[in-house]
2 protein chains.
Amino acid sequence: MDKKMIAKYEEQARIIKALSHPSRLIIIDELHSGRRCVSELTELVGSDTSTVSKHLSVLKNAGLVFVEKEGTTVFYNLRMPCILDFFSCIESVIEANALGQMENVISCKTKK
Amino acid sequence: MDKKMIAKYEEQARIIKALSHPSRLIIIDELHSGRRCVSELTELVGSDTSTVSKHLSVLKNAGLVFVEKEGTTVFYNLRMPCILDFFSCIESVIEANALGQMENVISCKTKK
DNA sequence: TTCTTACTTGGCTATATTGCCAAATAAGAA
DNA sequence: TTCTTATTTGGCAATATAGCCAAGTAAGAA
């Protein structure tokens, strides 16, 4: 595995890590419906404004969102809507997991 | 945002988090070519066997891989190959990021 | 049984992430 | 200018993650 390849995987991981938090997923999902300002997202997520602002900067640093400033208001926009497709795969993993658990219950194979 | 929704996003985040490490991405990518045992993946990733084993258990707990044991050898398999589509989106984010940086250089807007 | 190979788990330290509060900044309004 | 609203940043404590070594388990060979 050469350095270039490793750098590629590190870069991918950095972006995926930016998606790996429930609050940030809520934000990404919401931005599919259009741009939102920080206060709207703060209201939606239900954390402190500063916390939401930091989540937004994580998304921005990953290149997943971009901003439009209008007066004192900062609007966040989704940069790559293809992220949506990805959610459907994650959902199918979750469904498969649920199904697997159900099978365990039915056949009494549930682990200790 | 009701509890059920929050639980959904938490579950999604849990699975995405399992993907958010370069070594685990290397593993996922490799498994697209077929099942691999722990020693093969250890060789590929280049970390301690115990480290790789822990990465594999993270992927297994997320439902992203499943195992087949044959004697003392444990083969890991990809459970949801749709994960591949996702990589192409991440790659497009990376490309867009690179392009954006290039524009900054050209227009001398690079930040301090 | 003992040895070896393949893998997992425990335990530890180092590092990173999260979330809150408080303080700083920025743009308008008064 | 001062006040207010919108947002970001600094700092800190709590928690989670990563990686290594050492020890444990499991299956087959000798």
Side-chain angles (χ1 to χ4, degrees), chain A residues 1 6-7 9-28 30-31 35-77 111-112, chain B residues 1 6-7 9-28 30-31 34-62 64-77 111-112:
Chain A
M1 175 89 32
I6 291 178
Y9 286 112
E10 279 172 352
E11 186 57 12
Q12 288 185 343
R14 202 177 65 80
I15 291 168
I16 295 169
K17 189 170 286 179
L19 288 167
S20 72
H21 189 287
S23 300
R24 295 198 290 265
L25 291 180
I26 291 173
I27 291 168
I28 291 282
E30 178 69 11
L31 295 184
R35 72 180 198 172
R36 296 287 186 274
C37 69
V38 180
S39 1
E40 289 171 323
L41 295 170
T42 297
E43 165 83 27
L44 179 70
V45 167
S47 305
D48 193 86
T49 314
S50 67
T51 301
V52 173
S53 177
K54 281 178 183 173
H55 281 310
L56 289 167
S57 90
V58 170
L59 292 173
K60 192 171 59 180
N61 286 332
L64 292 165
V65 300
F66 66 94
V67 303
E68 293 170 312
K69 298 189 183 188
E70 288 179 18
T72 65
T73 305
V74 179
F75 290 100
Y76 280 80
N77 300 264
K111 307 236 178 82
K112 24 71 229 228
Chain B
M1 176 88 34
I6 292 178
Y9 287 112
E10 280 172 351
E11 185 58 13
Q12 288 186 341
R14 203 176 64 81
I15 291 168
I16 296 170
K17 189 170 287 178
L19 289 167
S20 73
H21 189 286
S23 301
R24 294 197 289 266
L25 291 180
I26 292 173
I27 291 168
I28 291 283
E30 177 70 10
L31 295 185
R35 71 181 199 174
R36 296 288 185 272
C37 69
V38 179
S39 2
E40 288 170 325
L41 295 170
T42 297
E43 164 84 28
L44 178 71
V45 167
S47 306
D48 194 86
T49 315
S50 67
T51 301
V52 172
S53 178
K54 281 177 185 175
H55 282 310
L56 289 167
S57 89
V58 169
L59 293 173
K60 192 170 59 178
N61 287 332
L64 293 164
V65 300
F66 67 93
V67 304
E68 293 170 312
K69 298 188 183 187
E70 288 179 19
T72 66
T73 305
V74 179
F75 290 100
Y76 281 80
N77 301 263
K111 307 237 178 79
K112 41 0 324 204

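Quick note: numbers below take in every heavy atom, side chains included, and nothing from hydrogens, waters or symmetry partners. Chain naming here is simple, since letters A, B, ... match the order of the sequence lines and numbering starts at 1 in each.
Atom CD of A:E70 and atom C1' of C:dA26 are 15 Å apart (whole Å). In this structure, B:R35 atom CZ and C:dA6 atom P are separated by 15 Å, rounded to whole Å. Across the protein-nucleic acid pair, A:K17 atom NZ and C:dT15 atom P stand 15 Å apart, rounded to whole Å. Note: CG (A:L59) to C1' (C:dT17) measures 14 Å, nearest angstrom. A:R36 places its CZ atom 13 Å from the P atom of D:dT7, with the value rounded to the nearest Å. The nearest whole Å value for the distance from the CZ atom in B:R14 to the C1' atom in C:dT17 is 18 Å. B:D48 places its CG atom 14 Å from the C1' atom of C:dG10, with the value rounded to the nearest Å. Summarising the geometry, the separation between NZ on B:K54 and P on D:dG24 is reported as 15 Å, rounded to the nearest angstrom.
The two residues A:Y76 and A:L41 make their nearest non-hydrogen contact at CB-CD1, 4.4 Å. Between B:D48 and B:T42 the shortest heavy-atom distance is C-CG2, 4.3 Å.
Here the CD1-NE2 distance, from A:I26 to A:H21, works out to 9.0 Å after rounding to the nearest 0.5 Å.
Considering only side-chain atoms of A:S39, the nucleotide from D:dG11, C:dC21, D:dT7 that sits closest is D:dT7. Taking every side-chain heavy atom of A:T72 into account, D:dT5 is the closest of D:dT5, D:dT8, C:dA6. Each of C:dT18, D:dG19, C:dC7 was ranked by its minimum atom distance to the side chain of A:H21; first place goes to C:dT18. Considering only side-chain atoms of A:S53, the nucleotide from C:dT9, D:dT9, C:dT8 that sits closest is D:dT9.
Using a 4.0 Å heavy-atom criterion, one finds that A:S23 contacts no nucleic acid atom at all. Residue contacts shown for A:S57 are absent, as no nucleic acid heavy atom lies under 4.0 Å away.
In the interface, the side chain of A:S47 is not paired with the base of C:dC20 through any donor and acceptor atom under 3.5 Å apart. Judged by distance alone with a 3.5 Å cut-off, no donor-acceptor contact links the side chain of A:K69 to the base of C:dG28.
For A:T51 and C:dC20, the shortest distance from a side-chain N or O to OP1 or OP2 is below 4.0 Å. Residue A:Y76 has no polar side-chain atom (N or O) positioned under 4.0 Å from OP1 or OP2 of D:dA6. The side chain of B:H55 contributes no N or O atom lying less than 4.0 Å from OP1 or OP2 of D:dT17.
Side-chain contact between B:T51 and B:V45: absent, with no pair of heavy atoms (C-beta onward) separated by less than 4.5 Å.
Considering A:I15, A:L56, A:V58 in turn, A:I15 is the only one that fulfils the side chain to side chain contact (heavy atoms under 4.5 Å, CB included) rule with A:L64.
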